[in-house]
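Atoms within each ligand, like the ligands themselves, are counted from 1 in listed order.
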Amino acid sequence: MSQYDYLIVGSGLFGSVFAHEAYKAGKSCCVIEKRDHIGGNIYTEEKEGIQVHTYGAHIFHTSDKKIWDYIHQFADFNRYTNSPVANYHGKIYNMPFNMNTFNKLWGVVTPAEAKAKIEEQKKEYYTEHPQNLEEQALNLVGKDIYETLVKGYTQKQWGQKCSELPAFIIKRLPVRFTYDNNYFNDAYQGIPIGGYTQIIEKMLAHADVHTNTDFFDQKEYWMNQADQVIFTGMIDQYFGYQLGQLEYRTLNFETKVLDCDNFQGNAVVNYTAYEVPYTRIIEHKHFEYGTQDKTVITYEYPATWSPGDEPYYPVNNTRNNQLYLQYKELAKKEPNVIFGGRLGQYQYYDMHLVIAEALKLAEKLL
Ligand SMILES: Cc1cc2nc3c(=O)[nH]c(=O)nc-3n(C[C@H](O)[C@H](O)[C@H](O)COP(=O)(O)OP(=O)(O)OC[C@H]3O[C@@H](n4cnc5c(N)ncnc54)[C@H](O)[C@@H]3O)c2cc1C
């Protein structure tokens, strides 16, 4: 007889939602986490009275009322609306691309003027069959938007020239012909008042949780602790990289406490010029309309991933997607182990989708 019904590897959102549902169904769970804290990438910690998003800005958004109600069991949310701005050579442009952006770029005032300008720009550089990301972006939005707001940022993010990146990375570049700076089209969005960590703490309240515990240090021991394993770490690592390594992009974060009350006037500022080494600066207090005397900011630097680095973004090119499918086949044959979450399924998932996936799994198993 195993000690637990479920061993959950990883205390991120996926594992924690599952643990909460399992507890409700009368099942026992043990959660192991290799980091020194729970929560995975949605972890927030308090500095100077400000909730700091340790692993990058996290804005909760969904159009699914069920998911919105579900997350509200664990925290109250504020009315934060994601309206990032882009800084290009000291000039500020609104995102997503909208009438404010077009007015700043070209002085156009009406949607008809903006549409005409974009059409003119698209025609000038149109390519019948775009072969790379640069050609694709020029087809979608034309030269000015591409060069001011897309090119440098994308090159920094992927560590490669846009002319060398595959076209599929950018399928759409939404343009909005209203003066609406709201980044998301979802019906609901906000930031949990008091941060995300409290949500995970509540979800894991009834599980046995071990932080600073890497599954691979004692794989056999942990496998024997439960009838079934929910694994939310890297799927290729689970199989000892026997078919090859999946690739990721990583991020380096540099956080500073500043002796001023307002550094940039917005939670998220994207830096779109290639020469600026970081892609974004996050000023955390603005997520919760903070009025503290000090402020905390984080510079975000994209970087090449090597084994041992945090794997933030999967690189879903043809090679990696095919390799993942091969690992998925191995996973199907693995008795009593289920692979979930962004690393277990080698997929970028926003939080609302991770919750939906974990609830789906819980419904199936419990
Ligand atoms: C920079 C960035 C910004 C984002 N912004 C947003 C946003 O604004 N809105 C949004 O909806 N989503 C956002 N996301 C996505 C969000 O972070 C994910 O949806 C969510 O964190 C995924 O949860 P998870 O449980 O699948 O993975 P994770 O949070 O990665 O959890 C997996 C956990 O498993 C642990 N683990 C791995 N291997 C082992 C092992 N061998 N032993 C023990 N533990 C292990 C890890 O340490 C980690 O804690 C963002 C993601 C990133 C990277």
Side-chain angles (χ1 to χ4, degrees), residues 7-20 30-44 53-64 67-68 71 77 80-82 84 157 183-184 186 188-192 196-197 199-200 203-204 209-219 221-223 229-240 248-253 267-268 270 278-280 282 287 298-303 305 307-314 339-358 361:
L7 170 75
I8 300 173
V9 180
S11 66
L13 189 57
F14 188 95
S16 301
V17 167
F18 186 86
H20 179 72
C30 173
V31 179
I32 59 172
E33 168 55 58
K34 69 177 179 183
R35 296 183 190 174
D36 64 2
H37 59 75
I38 56 171
N41 285 346
I42 72 169
Y43 174 71
T44 50
H53 295 208
T54 309
Y55 301 98
H58 277 74
I59 298 118
F60 198 95
H61 60 99
T62 182
S63 286
D64 187 337
I67 300 292
W68 187 237
I71 199 74
F77 279 65
Y80 182 81
T81 302
N82 191 25
Q157 206 172 17
Y183 192 80
F184 296 119
D186 283 316
Y188 312 102
Q189 64 178 306
I191 296 284
Y196 285 93
T197 304
I199 294 177
I200 300 291
M203 288 176 174
L204 296 182
V209 180
H210 303 262
T211 50
N212 291 311
T213 305
D214 192 322
F215 172 71
F216 295 108
D217 288 346
Q218 280 181 290
K219 183 173 171 183
Y221 167 80
W222 287 113
M223 294 289 278
V229 177
I230 309 292
F231 183 83
T232 74
M234 290 158 64
I235 188 167
D236 56 345
Q237 187 180 16
Y238 181 91
F239 291 107
Y248 293 87
R249 289 288 290 164
T250 193
L251 293 169
N252 293 319
F253 297 106
V268 182
N270 290 2
Y278 40 87
T279 43
R280 309 201 278 187
I282 308 302
F287 286 127
T298 301
Y299 295 81
E300 208 169 289
Y301 299 87
W305 175 86
D309 294 336
E310 271 307 326
Y312 286 108
Y313 297 110
F339 295 79
R342 63 180 194 103
L343 299 170
Q345 298 183 348
Y346 194 62
Q347 204 174 118
Y348 179 86
Y349 273 133
D350 270 335
M351 290 178 277
H352 60 293
L353 298 175
V354 165
I355 295 174
E357 284 291 309
L361 180 67

Q) Got a sec, which residues hit side chain to side chain contact (heavy atoms under 4.5 Å, CB included) with Y348, two or more places apart in sequence or on another chain? A)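 Only Y313, P314, D350 meet the side chain to side chain contact (heavy atoms under 4.5 Å, CB included) criterion with Y348.
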Q) Does atom OH of Y183 have more than 12 heavy-atom neighbours, drawn from other residues, nucleotides or ligands, at distances under 6.0 Å? A)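 No - once you tally the heavy atoms of other residues, nucleotides and ligands closer than 6.0 Å, there are 12 at most.
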Distances under 3.5 Å, N/O of ligand 1 against N/O of the protein: list each pair and its distance.
unit_1	atom_1	unit_2	atom_2	d
ligand 1	5 (N)	A57	O	3.0
ligand 1	8 (O)	A57	O	3.4
ligand 1	8 (O)	I59	N	2.8
ligand 1	9 (N)	I59	O	2.8
ligand 1	11 (O)	D350	OD1	3.4
ligand 1	11 (O)	M351	N	2.7
ligand 1	12 (N)	D350	OD1	3.0
ligand 1	12 (N)	M351	N	3.4
ligand 1	14 (N)	H58	NE2	3.4
ligand 1	14 (N)	Y348	OH	3.1
ligand 1	17 (O)	H58	NE2	2.7
ligand 1	19 (O)	Y349	O	2.5
ligand 1	19 (O)	M351	N	3.4
ligand 1	25 (O)	L13	N	3.1
ligand 1	25 (O)	F14	N	3.0
ligand 1	26 (O)	R342	N	2.9
ligand 1	27 (O)	R342	NE	3.4
ligand 1	29 (O)	N41	N	2.9
ligand 1	30 (O)	R342	NE	2.7
ligand 1	30 (O)	R342	NH2	3.0
ligand 1	41 (N)	D214	OD1	3.0
ligand 1	42 (N)	F215	N	3.1
ligand 1	44 (N)	K34	N	3.1
ligand 1	47 (O)	E33	OE2	2.7
ligand 1	47 (O)	R35	NE	3.2
ligand 1	49 (O)	E33	OE1	2.7
ligand 1	49 (O)	E33	OE2	3.1

**Q.** Electrostatic pair R249-E310, nearest N-O below 4.0 angstrom
**A.**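 No, R249 and E310 are not salt-bridged.
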Q) If you take all heavy atoms of A19 and V31, which pair is closest and at what distance? A)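 The answer is CB-CG2, 4.4 Å.
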Q. What is the ring orientation for H37 with Y43, classed by angle as parallel under 30°, tilted 30 to 60°, or perpendicular over 60°?
A.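 It falls in the parallel class, under 30°.
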Q.
Determine whether the aromatic ring centres of residues H61 and Y188 are separated by less than 6.0 angstrom.
A.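 Not close enough - the centres of the two rings lie 6.0 Å or further apart.
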